[in-house]
Trainee: 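Take a look at the following structure, please.
If you read the sequence from its start, that first residue is 1, and numbering goes on from there. When reading the values below, keep in mind they use all heavy atoms of this one structure, side chains included, and skip hydrogens, waters and symmetry mates.
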Amino acid sequence: MDKPTVMHPGVKLRHIRAFLEIAAEGGLSSVARAQGISQPALSRTLAELEDLLGQPLFLRQKRRLVLTEGGRLFRRHAALALESLEAGAAALRPGTSGSLRIGVLPTAATRMVPAVMLRFRELRPEILLRVETGPHHHLIRLLRDGGIDLMVGRLPDVSEMPGLSFEHLYEEDVLLVGRREHPMAARPVTEALKASALILPPENALIRRPVNDYLASLGLVGIQPAVETVSLAVGRGICLASDALWFISRGVVAEELERGMLIEFQLGARFMSGAVGITRRQSASAPGLAAFEEIARQLAPRMPEAKAG
């Protein structure tokens, strides 16, 4: 016996493609120009899809179209479905599977992204994952120039967001860490900071501002670091070989903390946290992009560095 069809048989591939492109652009005009059709024709295509699905997919807010809750849910599944169709077509033509280019910031490079990549490899082995690492400003430039398809890490500054979209995955703390059996471990944090060489994030790192604000709240304005880095290899090496203290995102040193190589100094500052997620161009399209994002949604909140609540 045939299984009942949930989706209306009138839904066509042109409806799905139009919907995904409108969702990416947030409007009709640019999509209509790109498709070489009139805006009213594109609007009719969208209206047809909404009628066939039985609910609105967008809300009109001034000049932008914003996805409804149902629209966001449908977009996730529609993007994965379209990728699966394209993967099926690519499988019939060897050598056309393509690659996905990922920019990874240090906070997500140690465990979160490797976990996502391993799961992605199981599901989409035909797609080559190309990874680019580096500081935030470098990866943002690559993202805007089309050198990478997405970036995983901290939420960019609002001034960097035009033309980009950010999907929040979890909250993560910024920590102060030092070696096990650090001589200042039992002392007040202000005293420990004054007595120790400091490793701070570089001035252009996203977490440098909250670190500066925290130091200012302790009356330590203008304190000079001995080193500036967010590199795990460099920061860990200095901390283990000295009494230096390091301000760094939890995700970078999560494994070192679990193993007891480094210890966390209690800061008592709730504002020393920030959003970690996926940043991409609003109109981005690449093989495996939707699948990678969906795996990240599933796995990222389970990472030990993800802050509850």
Side-chain angles (χ1 to χ4, degrees), residues 103-110 112 133-141 143 151-162 164 166 168-179 182-185 187-254 256-257 262-277 279 305-307 309:
V104 184
L105 288 167
T107 191
T110 304
M112 197 275 276
T133 59
H136 172 80
H137 63 87
H138 169 65
L139 295 184
I140 279 285
R141 184 171 61 251
L143 185 62
M151 180 181 76
V152 186
R154 290 270 176 169
L155 170 65
D157 189 86
V158 65
S159 64
E160 299 173 309
M161 287 307 297
L164 304 177
F166 176 82
H168 177 275
L169 295 176
Y170 59 88
E171 291 289 313
E172 179 190 50
D173 290 325
V174 176
L175 310 179
L176 179 66
V177 300
R179 68 176 176 86
H182 193 286
M184 302 297 292
R187 307 301 301 170
V189 67
T190 304
E191 185 177 336
L193 288 168
K194 290 179 178 178
S196 306
L198 295 185
I199 308 173
L200 298 185
E203 286 287 353
N204 58 10
L206 291 173
I207 63 172
R208 180 59 180 265
R209 184 182 302 172
V211 170
N212 285 345
D213 291 343
Y214 174 74
L215 291 172
S217 74
L218 299 180
L220 300 176
V221 178
I223 191 169
Q224 293 298 311
V227 177
E228 291 185 344
T229 188
V230 290
S231 165
L232 172 61
V234 174
R236 176 180 59 189
I238 294 173
C239 285
L240 294 180
S242 72
D243 292 333
L245 297 178
W246 186 21
F247 280 99
I248 191 63
S249 296
R250 182 181 295 276
V252 177
V253 293
E256 282 66 27
L257 292 170
L262 298 175
I263 60 171
E264 176 184 352
F265 285 67
Q266 296 303 313
L267 300 178
R270 297 187 63 184
F271 62 84
M272 290 282 283
S273 66
V276 174
T279 305
E305 57 266 32
K307 185 178 178 180

Trainee: If the condition is side chain to side chain donor-acceptor pair (under 3.5 Å), which residues does T279 pass it with, not counting sequence neighbours?
Mentor: none

Trainee: The test is side chain to side chain contact (heavy atoms under 4.5 Å, CB included); show your working for M272 and V211 and say whether it passes.
Mentor: CA-CA 7 Å; M272 290 282 283; V211 170; 4.1 Å; yes

Trainee: How about S273 and E172: does a side-chain donor come under 3.5 Å of a side-chain acceptor?
Mentor: no

Trainee: Does the side chain of L176 reach to within under 4.5 Å of the side chain of E264, using non-hydrogen atoms?
Mentor: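 A side-chain contact under 4.5 Å is absent here.
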
Trainee: Show the numbers, then the answer: is there a side chain to side chain contact (heavy atoms under 4.5 Å, CB included) between L164 and L143?
Mentor: CA-CA 9 Å; L164 304 177; L143 185 62; 4.0 Å; yes

Trainee: Quick one: CE on M151 to CZ on F166, what's the gap to the nearest 0.5 Å?
Mentor: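 Going from CE on M151 over to CZ on F166, the span is 8.0 Å.
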
Trainee: Set out, in order, the CA-CA distance, both residues' side-chain angles and the distance that settles side chain to side chain contact (heavy atoms under 4.5 Å, CB included) for E256 and L232, then state yes or no.
Mentor: CA-CA 10 Å; E256 282 66 27; L232 172 61; 3.9 Å; yes

Trainee: Looking at CD1 of I248 and OG1 of T229, how far apart are the two atoms once the value is rounded to the nearest 0.5 Å?
Mentor: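 It comes to 7.5 Å.
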
Trainee: For the residue pair C239 and I199, what are the closest heavy atoms and their distance?
Mentor: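 Scanning both residues, the minimum pair turns out to be SG-CD1, 4.0 Å.
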
Trainee: Nearest 0.5 angstrom please: R209 CZ to N204 CG, how far?
Mentor: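 It comes to 12.0 Å.
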
Trainee: Roughly how far, to the nearest 0.5 Å, is the CH2 atom of W246 from the CZ atom of R236?
Mentor: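 Result: 8.5 Å between the selected atoms.
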
Trainee: Under 3.5 Å, is there a donor-acceptor pair between the H136 and E160 side chains?
Mentor: yes

Trainee: So, for L245 and H182, which heavy atoms are closest and what is the spacing to 0.1 Å?
Mentor: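 Residues L245 and H182, closest heavy atoms: CD2-NE2, 3.5 Å.
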
Trainee: Determine whether S249 and V230 make a side-chain contact, defined as any pair of heavy atoms from C-beta on separated by less than 4.5 Å.
Mentor: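 Result no, sub-4.5 Å side-chain heavy-atom pair not found.
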
Trainee: Apply side chain to side chain contact (heavy atoms under 4.5 Å, CB included) to M184 and V189, showing your working.
Mentor: CA-CA 8 Å; M184 302 297 292; V189 67; over 6 Å; no

Trainee: For residues 193-207, which residue pairs qualify under salt bridge (Lys or Arg N to Asp or Glu O under 4.0 Å), counting only residues two or more places apart or in two chains?
Mentor: E203-R208

Trainee: So, do M112 and V152 sit near enough that their side-chain heavy atoms are less than 4.5 Å apart?
Mentor: yes

Trainee: Do you see a donor-acceptor pair shorter than 3.5 Å between the side chains of S242 and R179?
Mentor: no

Trainee: In Å and rounded to the nearest 0.5 Å, what is the CG to CG distance from L175 to L267?
Mentor: 7.5 Å

Trainee: Locate the shortest heavy-atom distance separating L139 from G134; write the atom from each residue and the value.
Mentor: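 Looks like CD1-O, 3.8 Å.
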
Trainee: At their closest point, which heavy atom of L206 faces which heavy atom of D157, and how far apart are they?
Mentor: CD2-N, 4.1 Å

Trainee: Could you tell me which non-hydrogen atom of V227 sits nearest to which non-hydrogen atom of I238, and how far apart they are?
Mentor: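 Closest pair (atom of V227, atom of I238, distance): CG2-CD1, 3.9 Å.
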
Trainee: Quick one: pull up CZ in R154 and OG1 in T107 and give me the separation to the nearest 0.5 Å.
Mentor: 5.0 Å

Trainee: Closest approach of L193 and Y214, non-hydrogen atoms and distance?
Mentor: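 Between these two residues, the closest heavy atoms are CD1-CE2, 4.4 Å.
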
